[in-house]
Amino acid sequence: MTEISGSRTLHRLIYTSRVAIPTPDLDHEIGGIIRASIRNNRQVGVTGLLLVHEDHFVQALEGAAEVVMTTYRRILDDPRHEQSKVLSAGPATEREFGDWNMCARRMTPGDDAILDALDARKVFAPATFSGKAALRLLTAVRGIQARTHRAALI
Ligand SMILES: Cc1cc2nc3c(=O)[nH]c(=O)nc-3n(C[C@H](O)[C@H](O)[C@H](O)COP(=O)(O)O)c2cc1C
């Protein structure tokens, strides 16, 4: 990944949103999102992780500030989700998700430990998470994703 410095300081934005349209095949939809994300993010040096749990999305986007904001604005316009809320945004010292231009993980029952750790198993309400808690959640998911070597695409 190209080093980013000076006015192009590394930024990380984490937001959460809800699936907008009840879709019979959410996995298929997510597959399309990830394919477009990898194609676009690779071109502009954006990396990140998209977590899908129930009808919630939680996504981290990292890269130069300008491209992170451009990417987020485009994502915001996407009718497939709604109620987007930024949980944290600002400079970051290093990439936490540098292995992936974008990677999606849908929580499985085996991932309960993560939710337990966040005390978020009974009611998963990412819109109430602090930026720190959201990053903790996504880095925990990153760890599982890396360990299980599951395909980056759902
Ligand atoms: C939850 C969610 C996350 C998304 N994440 C990204 C992303 O990281 N990068 C991206 O380019 N598009 C992302 N998209 C898709 C964009 O909204 C948009 O459809 C896409 O960038 C259009 O790309 P295209 O013009 O190359 O088809 C996301 C969409 C949703 C609903």
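In each ligand, atom 1 is the first atom listed, and ligand 1 is the first ligand listed.
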Exercise. Does the Arg12 side chain pair with the main chain of Thr93, one donor and one acceptor, at a distance under 3.5 Å?
Worked result: no

Exercise. Applying a heavy-atom distance cut-off of 4.0 Å, which protein residues contact ligand 1?
Worked result: Tyr15, Ile33, Ser37, Arg39, Asn40, Asn41, Phe57, Gln59, Leu61, Thr71, Arg74, Ile75, Asp78, Arg80, His81, Met102

Problem set entry | salt bridge (Lys or Arg N to Asp or Glu O under 4.0 Å) partners for Glu29, two or more places apart | Arg80

Problem set entry | Results of salt bridge (Lys or Arg N to Asp or Glu O under 4.0 Å) for Asp99 - residues two or more places apart only | none

For this session: For His11 and Met69, indicate whether the former's side chain and the latter's backbone hold a donor-acceptor pair under 3.5 Å.
Result: no

For this session: Enter the distance from Leu76:CG to Thr71:OG1 here, rounded to the nearest 0.5 Å.
Result: 11.0 Å

For this session: Return the set of residues passing side chain to side chain contact (heavy atoms under 4.5 Å, CB included) with Ser88 (not counting sequence neighbours), or none when no residue passes.
Result: Ile14

